[in-house]
Amino acid sequence: MMQRTIPIAILCLSGAIMVAAYFISSAQSWGETVTTWFNILAAVAFVLGAGNLIAMNLEKISSQRAGWGYAAITLVSFAFMLVVGLFKIGAVPNDKHPDIHFAGSYDSAASPFGWMYDFVMSPLTATMFALLAFYVASAAFRAFRAKNTESILLLGTAFIVLLAQTAAGMFLTGWIPEESAFAFLRLDKIKAGIIEHVQTAGMRAIMIGIALGIAAMSLRLILGIDRSYLSKN
Amino acid sequence: MQRTTSARGITALVAISAALLAPCTVAMAQAGDAVAAPEHGWFRTDRGALYATLVVVGIAIVVAIVRARAGHPVKIRRMPALEAVDEAIGRATEMGRPVFFIPGIQDMTDIQTVAGVTILGRVARTAAEYDAKLEVPTSRSIVMSAARDIVQAAHFEAGRPDTFDAGRINYITDEQFGYVAAVTGSMMREKPAACFYMGAFYAESLLFAENGNSIGAIQIAGTAEPSQLPFFVAACDYTLIGEEFFAASAYLSGERVQLGSIQGQDIGKILAVGLIAIGVVLGTIAAFDPGGSTETAFDNLKSLIGG
Amino acid sequence: MTNPQYIGGIRGFFARLGGIDRRWIFLAMGLSIAIPILLKLRFPEYPGPMAKATFAAVESVPEGSTVLLSFDYDPASAAELQPMANALVHHCASRNLKIVFMALWPLGKQQADRTIETVLKPLHPGYSEGTDYVQLGFQAGNEGVIKVMATNLSKQFPNDANGKPLGDIPLLKNAKDLGEFKLVASISAGYPGAKEWVQYGNGAMPDAFEVVSGSTGVQVGQLLPYYPKQMEGLLVAVKGAAEYEMLVEGKYPAANPELLGQGRVRMGPQLVAHLLMIALIVLGNIAMIAGRPRGGAR
């Protein structure tokens, strides 16, 4: 029973404190304290995660499972960055204390840590993000079909925004004077109207629903009604 | 007797509402013109409207829960995405392929991750019953710990404690695209038959969904990130949009008390729609009658709601 | 739908196109981005109202004032956001504004360092650290950082990124809170970012400073409700960056234009890629129509 009661009590108490901290001026620091406690927990849990990462990848290598080469690369990269950062290998010496090794900056551009960031980390994350361009194209080809009225409206909107976001928009309708009665036919105006009115209205409606959903779920959790996040043992 | 109980209940409700709203009204009365001042009293009067809304919505939810507990019928519409959970896991079992559950890339401080992890419990129980392999790669250590606990409990509940394998619930990395690369790589190698994306996602949403599509997996997504919803809707078979995602854990539980809270949040929605309608009417009339009483009422409504 | 294999002629050809291997689509997209870059295709840009509003917001800050630039993104979004960050830094430095750099994302500090090394130092060699600009670095805590800065700057940042106490930095030794800054600019890729700056920064001190933001295209929907009242300027994606670059370059030409033209460089591939997407959508619909059975279901 204590295994369930204590977590529920902690959740109720911290939830109530966070709500109170938002509305009561003198309780504001309590909310920051709760957040700090969580950050401490997360930092400790990170050790757990790192241990699991090492164990899982070692197991993958030893059992030669599919993709074990990637596990080896993961472990080597993890060890390299940890050692280089922790022991400040190749760190740029500190101007005020050049004789003290650990006074140097480990993450400056001239250090190995900085090189790894600039020449490995940066290009890799940018590459992964760039994959989105290809996936958007294949998703558009597969999913944007005019099957009913709503999808036709969606297609029309997509064409307008796609054209207006580039020089093609100005090429096609930029010749219409901005002050004329037909200025509303300019693609940039239509795009602005779609984004500022239609999209914003839809986004606000979704956000109101989300806010209410969060309120209801939070209340269920704080009142202890929803306990599905707990072990039932 | 029932009428007496209802009268007592209503009286109690009025008393509780007055008690909860009292700090707000007292502080606002005392603050007067100081509402706009940067120095606040003990109660943040600049957030008074939000507090009042919170109290009203909260009471509506509690009332709905109490009514559900008392036996009043609770009608919730069908959510196809949640009804497809069993079908998706069954398909994975038949094909002998694993099920992937991705609880988002945020930590347990994000309510979306909590919602995702509670859905994981239901999915894990069904997977245990069907003897399907469930993989849960996580982006945060605490989420990994919580997920392991929940999946283990689900296996116990399903009467299959021996089939629980903690090695299938792993921490990958906190780094967003490192996590994406690892998970999509696993998806391409292991070819899951069903993929669940339940939690907070950002740019990686389309990467997951398109990869899942390329391997022919049935995909069910749920998130409250408005900017990622279009990608999931375009690429997944079923999507839980915004509040449906938060209602999912209550829906899947089937408990009347939890379903009652969904009814309560609908009352909050009615309140929001009502205020919007009043504001639209007042604003439209004020546009034709500038400087009149309608414009004053409209300005008062704006400052009351907007602060 | 009829199996495309059993449809002959042109109709059959288009019907079968609907099942094209996605790798051909990837190849087409790759070429549509690579060719404009290699051929250095450039197109004219016409600044829109939001880019003009951002420009005007920075122009309205009195010379010599201090501004805060928050780099809330990482290398993944740098392709979209770095050009506007570069242009913003050049704009501020050209107006002799004192710049304070910080980051709410762990890798944002490195992005700010990159901007300082590649734009600020080469184009404004007279700017010296400590008196004209300060790098505060990254602080964990998401919106909690902004909340604390709104009341006590030195509590949140006791030192700068080099470990120097704030009290020893001439630019910030008398700074108490966010009110020290006349403008706060957030280059934002998500959470925490521009929305948090509006909610917790502007919300705490409504008239103390102006807020402008540069954001990725995908999250602009969440920021538009704040424009123009709580957020005076908003740059959206590469297009916003290109428009803003044009405005800044027009009034403050850079000694090395290549450093500030990346937004406009990227608009060339964007045009071709968008046209390809439109073509793919049209092709997909033609394939769908061609694949439909004629005269009732079969």
Side-chain angles (χ1 to χ4, degrees), chain A residues 28 31-32 35-36 39 94-96 103 105 107-109 114 117-118 121-138 140-147 155 158-159 161-171 174 188 191-192 195-196 199-200 202-204 206-207, chain C residues 18 20 22 25-26 28-30 32-33 43-46 48-50 74-80 107 109-110 113-114 117 140-142 144 147-148 161-163 217 220-222 224-225 227 236-239 267-268 270-278 280-285 287-289:
Chain A
Q28 194 171 333
E32 288 159 20
T35 309
T36 306
N39 289 339
N94 189 307
D95 293 332
K96 283 188 184 168
S105 167
D107 63 349
S108 73
Y117 175 82
D118 284 335
M121 174 81 170
S122 249
L124 283 174
T125 47
T127 302
M128 288 301 299
F129 196 69
L131 286 179
L132 275 174
F134 300 96
Y135 286 140
V136 161
S138 68
F141 178 73
R142 194 188 66 252
F144 281 23
R145 302 290 164 93
K147 291 178 188 164
L155 280 183
F159 288 157
V161 175
L162 281 170
L163 288 171
Q165 276 291 98
T166 61
M170 290 308 288
F171 174 75
D188 53 322
K191 182 199 93 172
I195 289 177
E196 286 171 22
Q199 184 194 12
T200 304
M203 193 69 83
R204 281 176 174 159
I206 290 177
M207 284 162 77
Chain C
I20 192 173
R22 64 186 65 211
I25 299 172
F26 296 161
M29 178 56 80
S32 72
I33 291 171
F43 299 97
E45 286 303 321
Y46 303 92
M50 287 200 270
D74 60 6
S77 313
E80 231 174 331
L107 297 178
K109 188 231 172 212
Q110 278 81 351
D113 284 340
R114 178 176 284 180
E117 294 301 321
N142 301 328
K147 283 190 214 175
V148 176
N162 298 320
V220 72
Q222 296 179 62
L224 270 174
Y227 171 82
V236 181
V238 177
K239 182 151 174 57
M267 288 306 292
Q270 177 153 311
L271 168 67
V272 181
H274 280 205
L275 292 175
L276 173 69
M277 297 241 323
I278 291 172
L280 286 171
I281 292 170
V282 169
L283 203 61
N285 280 282
M288 181 188 73
I289 294 166

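Lettering follows sequence order; numbering is per chain, from 1.
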Testing the basics here: between [X] and [Y], what is the closest heavy-atom pair and its distance to 0.1 Å?
X	Y	answer
Arg145(A)	Leu155(A)	C-CD1, 4.4 Å
Val238(C)	Glu80(C)	CG2-CG, 3.6 Å
Leu271(C)	Ala167(A)	CD1-N, 4.3 Å

Is [X] close to chain C through its backbone or its side chain, or both, or neither, when contacts mean heavy atoms under 4.5 Å?
X	answer
Ser138(A)	both
Met128(A)	neither
Leu132(A)	neither

Please round to the nearest 0.5 Å and tell me the distance separating atom OH of Tyr117(A) and atom CZ of Arg114(C). 6.0 Å
Nearest 0.5 Å, what's the CD-NZ distance between Gln165(A) and Lys191(A)? 4.0 Å
Are the side chains of Ile25(C) and Leu280(C) in contact, using a 4.5 Å heavy-atom criterion? yes
Side chain, backbone, both or neither: which part of [X] has a heavy atom under 4.5 Å from chain A?
X	answer
Tyr46(C)	side chain
Asp113(C)	neither
Leu276(C)	neither

Of all of Gly221(C), Gly144(C), Gly163(C), Pro75(C), which one pairs up most often with chain A through heavy atoms under 4.5 Å apart? Pro75(C)
